2 protein chains.
Amino acid sequence: MPRDLRMSRMLHVLIHMDRHVDRVTSDQIAGMISTNAVVVRRMMAGLREKGIVTSEKGHGGGWQLARALTGITLRDVYEAVGCPPLFNIGPQADPAECLVEKAVDARLEETLQAAEARLLEQFDQIVVEDLAQDFERRFAELREGAVEPQGMACHAS
Amino acid sequence: MPRDLRMSRMLHVLIHMDRHVDRVTSDQIAGMISTNAVVVRRMMAGLREKGIVTSEKGHGGGWQLARALTGITLRDVYEAVGCPPLFNIGPQADPAECLVEKAVDARLEETLQAAEARLLEQFDQIVVEDLAQDFERRFAELREGAVEPQGMACHAS
DNA sequence: AAGTCACGCAACAATTAAAGTTTCATGTCT
DNA sequence: AGACATGAAACTTTAATTGTTGCGTGACTT
């Protein structure tokens with residue numbers, strides 16, 4: 001299995017929603033991240049449950065941001081997409097019988113847990129607005145340079 | 001896909017090899033970790049290339065430890081099994097065109113890289129002997145308690 | 001010299017979770 | 001009524017580890 005892209009994709013979408021559009025449909029979002037509307041709804045449902053976005057059915061409906069990007073941390077988004085396992089390595093899931101294996105598993109788990117805690121702390125300290133400003137810095141640099149600024153808002157705008 | 005178990009499994013095997021047996025066949029190792037000999041050879045080949053174990057063909061052959069456990073770090077074992085990706089999450093592999101996506105991917109990658117570097121430092125500072133002593137502590141505690149010490153060397157001894 | 005044991009290697013099948021797809025139902029605006 | 005958009009269920013596809021089978025090679029035993 002390749003890596004879990006949900007968090008990365010949702011961050012991408014949130015910034016577009018804040019900077020470029022007021023209300024978007026699942027189909028438009030699907031265009032941004034090269035997938036289809038059902039996959040989008042699946043992921044966005046998690047964001048809605050966390051109060052990050054709202055959805056409206058029917059004609060003229062779609063998705064809207066519910067909070068400013070300054071109030072959304074990477075941790076919020078990570079949890080919104082269902083807290084997928086952070087690590088690809090580790091001991092087997094079900095507890096071992098062998099004492100050697102138990103000792104190995106415990107130490108490995110402990111080390112990974114500590115790393116996970118540190119990473120989640122990082123996620124707590126970064127808000128999506130930080131990433132949006134990273135984008136604007138890149139955009140400004142591109143305009144200053146000799147190249148014309150194409151691809152600013154990918155497929156969406 | 002479940003988690004990558006190779007590192008955990010090889011740590012388990014190395015401790016058994018040091019504490020319980022002098023020379024083991026792939027089949028015996030397969031019995032320890034509940035798999036078959038081919039899977040074992042695949043993983044052990046990496047350890048051999050790193051100089052951690054040696055192998056001998058033919059009658060009476062098998063695998064032997066080449067170094068003391070005090071000289072083998074978790075990092076060594078991690079690299080020996082091929083440096084599998086540590087994280088299950090992250091941005092997509094191929095570089096994005098959209099500037100927003102680029103900014104998101106760069107920041108996420110940077111954060112994960114930092115976490116990876118910290119974790120690998122931890123792996124550098126733990127030697128397999130440390131885990132072996134964890135095991136012996138557990139074993140001693142079990143003998144002191146009222147329970148008989150079964151399952152000391154799992155299926156192997 | 002024959003036989004057995006054990007690694008080396010190549011090719012293929014099984015498993016698992018994310019991602020992708022299809023279909024239908026529900027709600028809302030014009 | 002009709003068009004649009006989300007909600008939800010069921011199924012297929014994909015990618016990587018793991019599991020399996022078969023054959024070749026080397027080494028010890030009798």
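All chains are named by letter (A, B, ...) in the order of the sequence lines, taking the proteins before the strands, and each is independently numbered beginning at 1. Please read all numbers here as calculations on a predicted model, not as lab measurements.
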Got a salt bridge between A:K102 and A:D105, using NZ or NE/NH1/NH2 to carboxylate O under 4.0 Å?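 Here A:K102 does not pair with A:D105 in a salt bridge, since their nearest N and O are not under 4.0 Å apart.
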Output yes when at least one side-chain N/O atom of [X] is less than 4.0 Å from OP1 or OP2 of [N], else no.
{"X": "B:R41", "N": "D:dT18", "result": "no"}
{"X": "A:N36", "N": "C:dG20", "result": "no"}
{"X": "B:S55", "N": "C:dG8", "result": "yes"}
{"X": "B:R6", "N": "D:dT18", "result": "yes"}
{"X": "B:R3", "N": "C:dT15", "result": "no"}
{"X": "B:S26", "N": "C:dA6", "result": "no"}
{"X": "B:T25", "N": "C:dC5", "result": "no"}

Donor-acceptor check, side chain of A:E101 to backbone of A:C98, threshold 3.5 angstrom: yes or no?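 Not confirmed, A:E101 side chain does not pair with A:C98 backbone.
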Please check if the side chain of A:Y78 supplies one atom and the backbone of A:P84 the other of a donor-acceptor pair under 3.5 Å.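 Between the backbone of A:P84 and the side chain of A:Y78 there is a qualifying donor-acceptor contact (under 3.5 Å).
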Quickly work out the [X] [atom1] to [N] [atom2] distance and round it to whole Å.
{"X": "B:R23", "N": "C:dC5", "atom1": "CZ", "atom2": "P", "value": "16 Å"}
{"X": "B:M10", "N": "D:dT17", "atom1": "CE", "atom2": "P", "value": "15 Å"}
{"X": "A:L86", "N": "C:dA18", "atom1": "CG", "atom2": "P", "value": "13 Å"}
{"X": "A:E56", "N": "C:dT26", "atom1": "CD", "atom2": "C1'", "value": "15 Å"}
{"X": "A:D27", "N": "C:dT22", "atom1": "CG", "atom2": "C1'", "value": "14 Å"}
{"X": "A:Q92", "N": "C:dT15", "atom1": "CD", "atom2": "P", "value": "18 Å"}
{"X": "A:D94", "N": "C:dT16", "atom1": "CG", "atom2": "P", "value": "12 Å"}
{"X": "B:L5", "N": "C:dT16", "atom1": "CG", "atom2": "P", "value": "12 Å"}

Taking the minimum atom-to-atom distance to the side chain of [X], which one of [options] wins?
{"X": "B:W63", "options": "C:dG20, C:dC7, D:dT18", "answer": "C:dC7"}
{"X": "A:R48", "options": "D:dG7, C:dC7, C:dT21", "answer": "D:dG7"}
{"X": "A:K57", "options": "C:dG27, C:dC5, C:dG8", "answer": "C:dG27"}
{"X": "B:H59", "options": "D:dG19, D:dA27, C:dG20", "answer": "D:dA27"}

Any side-chain donor near an acceptor of the partner, B:Q133 and B:E129, under 3.5 Å: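 Side chains of B:Q133 and B:E129: pair found under 3.5 Å.
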Side-chain touch A:I89/B:F87, heavy atoms, less than 4.5 angstrom: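 No, too far: nothing below the 4.5 Å cut-off.
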Side chain B:R42 and base D:dG19 donor-acceptor under 3.5 Å: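 Indeed, a donor on one side and an acceptor on the other fall under 3.5 Å apart.
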Check the pair B:V40, B:T35 against side chain to side chain contact (heavy atoms under 4.5 Å, CB included), reporting the backbone distance first and the verdict last. CA-CA 8 Å; B:V40 170; B:T35 179; 4.0 Å; yes
Which is more 5' along DNA chain C, the nucleotide nearest A:R9 or the one nearest B:G58? Just name the residue.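 Checking each residue's closest nucleotide, the 5'-ward one belongs to B:G58.
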For DNA chain D, whose closest nucleotide is more 5', that of B:P85 or that of B:V38?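 Counting from the 5' end, the first nearest nucleotide belongs to B:P85.
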